[in-house]
There are 2 protein chains.
Amino acid sequence: MFTKVLIAEDHEMTSISVTKTMRDLGISETEYTYYCDDALMLIKKAIAKGQPFDLLITDLSFEEDHRKQRISGGTELIALAKTLQADLKVLVFSAENKPALVDGLFKDLGIDGYVRKARHDAKDLRAAMETIFLGKTYLSADLKQSVKEKNTFEFTSFDITIISLLSGGTLQKNIPDYLQANHIKPSGLSSVEKRLNVMKEVLGFSKNEQLVAYCKDFGII
Amino acid sequence: MFTKVLIAEDHEMTSISVTKTMRDLGISETEYTYYCDDALMLIKKAIAKGQPFDLLITDLSFEEDHRKQRISGGTELIALAKTLQADLKVLVFSAENKPALVDGLFKDLGIDGYVRKARHDAKDLRAAMETIFLGKTYLSADLKQSVKEKNTFEFTSFDITIISLLSGGTLQKNIPDYLQANHIKPSGLSSVEKRLNVMKEVLGFSKNEQLVAYCKDFGII
DNA sequence: TTCATTCTTACGGTTTCCCGTAAGGAAAGG
DNA sequence: CCTTTCCTTACGGGAAACCGTAAGAATGAA
């Protein structure tokens with residue numbers, strides 16, 4: 001099993017339980033922190049001492065408080081940690097239930113496991129630790145389902161830009177201005193309209209409001 | 001301190017920590033359950049045995065799984081529990097961060113405390129237990145703030161109906177048909193338009209897409 | 001009852017959105 | 001070099017949404 005684990009989790013309650021789980025698994029060196037900035041610092045120090053962490057367990061969303069943080073959340077923390085220590089195993093422990101988001105974590109950040117805070121999360125966490133230790137990746141059972149049955153449609157960054165602008169209040173007819181200002185091509189109004197039509201047709205929608213609701217539900221925007 | 005406490009919480013991890021907190025507080029008789037139906041049954045049994053619970057600590061949202069439940073969530077559980085045992089103290093322990101909702105719990109259900117799952121929730125929970133035991137009510141510090149600084153618009157059920165229809169793909173001009181069919185008044189198109197305008201103005205929005213995104217973000221729809 | 005206030009609805013003009021068609025442009029292949 | 005194809009863009013008619021106005025209905029008070 002892993003010997004040196006770092007836990008980044010802002011909820012005191014959750015942190016207590018995770019720590020207990022580590023103890024149950026016989027992991028002696030467990031450090032934990034409530035802030036992303038501290039987590040990165042601990043990773044740095046551990047590397048400097050020649051005793052890097054084997055595993056990082058982190059939440060995704062960290063709440064703001066009086067202590068101003070440079071790192072905004074788990075996603076950014078993982079990216080930065082990987083630049084310092086490419087072989088660091090990462091296990092995300094979060095309540096997020098958005099397949100698209102979790103997919104992105106595996107694909108873009110190369111995380112090793114995702115356990116959702118849910119009914120059987122303690123068992124899940126233990127199983128994840130064991131699976132990851134064997135060099136495999138782990139995904140909570142409940143999330144596997146939804147990833148499988150997820151929609152085939154792939155949103156391009158262009159799509160996401162359009163929908164973000166709409167949900168931000170930009171008039172459809174003004175979107176070309178924004179696209180040109182940011183050197184995004186294509187930038188014609190017809191191209192925007194066409195892309196919106198494609199998305200709506202694939203997903204069986206008729207209105208932009210539906211698209212926005214859908215993207216919010218699946219964490220696309 | 002309380003002697004007999006019931007915990008209703010579906011997340012294994014959280015349940016572990018809450019149980020530990022109870023032990024730290026020296027509460028010997030702690031029962032816990034993962035389902036609302038079970039919780040109500042335990043309350044019933046305890047009353048029947050002449051040894052009712054002093055305190056119920058419950059989450060609000062319980063996830064569905066293979067076990068079908070009659071009681072849908074914490075709110076309903078509390079209401080039913082109070083009919084069985086009016087003097088039962090209730091402490092809600094949830095991640096919900098909506099002042100309006102929490103307000104309603106205190107006012108309509110007469111709960112005694114609300115602790116939000118957040119950074120210092122373990123400390124909060126302990127403080128809440130002590131405060132409630134003294135016969136006072138408890139509200140997490142962080143929520144007190146947001147209650148004060150709340151600029152949250154109060155969505156009526158009419159508002160929510162409209163936005164739900166829009167995000168479901170209904171054409172704005174067809175909404176009156178739905179309203180009439182369901183005997184919702186007012187039902188005129190102008191009333192729908194007016195209401196949408198009010199919402200958008202209050203929140204500083206200009207487009208329906210923004211409203212949908214906002215309502216999704218805050219769990220209103 | 002009568003009057004006043006408020007809420008609801010109906011109507012028209014303007015803007016935006018929707019959708020089909022066709023023209024312009026770039027890349028690939030012959 | 002030209003042609004084909006695909007992508008992008010421009011344009012225009014019609015539908016929907018937006019917005020102000022005014023008429024009509026409901027509520028409450030004198």
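Everything quoted here is computed from the prediction, not taken from an experiment. Here is the naming used below: chain letters follow the sequence lines, and residue numbers restart at 1 for every chain.
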- For the ring pair B/Phe62 and B/Tyr35, is the centre-to-centre distance below 6.0 Å? no
- Query: Given atom CG of A/Leu166 and atom P of D/dA17, what is their separation to the nearest angstrom?
  - Reply: 15 Å
- Main-chain N/O of A/Asp37 paired with A/Arg70 side-chain donor or acceptor, under 3.5 Å: no
- Given atom NZ of A/Lys207 and atom P of C/dC18, what is their separation to the nearest angstrom? 8 Å
- Using a cut-off of 4.0 Å on non-hydrogen atoms, how would the nucleic acid contact of A/Leu171 be classed: base, sugar-phosphate, or nothing? sugar-phosphate
- Modelled atom types, side-chain donor and acceptor of A/Lys200 and A/Asn208, under 3.5 Å: yes
- Task: Measure from CG on A/Leu189 to C1' on D/dG12 and round the result to the nearest Å.
- Result: 13 Å
- Quick one: label A/Gln172 by what it contacts on the DNA or RNA (base, sugar-phosphate, nothing), any heavy atom closer than 4.0 Å. sugar-phosphate
- Task: May I ask you to verify if any side-chain N or O of A/Ser187 is less than 4.0 angstrom from the OP1 or OP2 atom of D/dT9?
- Result: yes
- Task: To the nearest Å, give me how far apart CG (A/Asn197) and P (D/dA15) are.
- Result: 17 Å
- note: A/Leu165, atom CG; C/dC17, atom P; distance rounded to Å ~ 12 Å
- Item | Centroid-centroid distance, B/Phe106 to B/Tyr114, less than 6.0 Å | no
- A/Leu196 atom CG is separated from D/dT9 atom P, nearest whole Å, by 14 Å
- Item | Whichever of A/Ser206 and B/Glu193 has its nearest DNA chain C nucleotide further upstream toward 5' | B/Glu193
- Message: Tell me whether A/Lys82 contacts the main-chain N or O of A/Gly110 through its side chain, where contact means a donor paired with an acceptor under 3.5 Å.
- Response: yes
- Write down the distance between NZ (A/Lys194) and C1' (D/dT9), rounded to a whole number of angstrom. 11 Å
- Item | Side-chain N,O (A/Ser190) to OP1/OP2 (D/dA10) below 4.0 Å | no
- Please give, in whole Å, the distance from C/dT16 C1' to A/Asn208 CG? 12 Å
- Message: Please confirm whether the shortest side-chain N or O distance from B/Lys200 to OP1 or OP2 of D/dC18 is below 4.0 Å.
- Response: yes
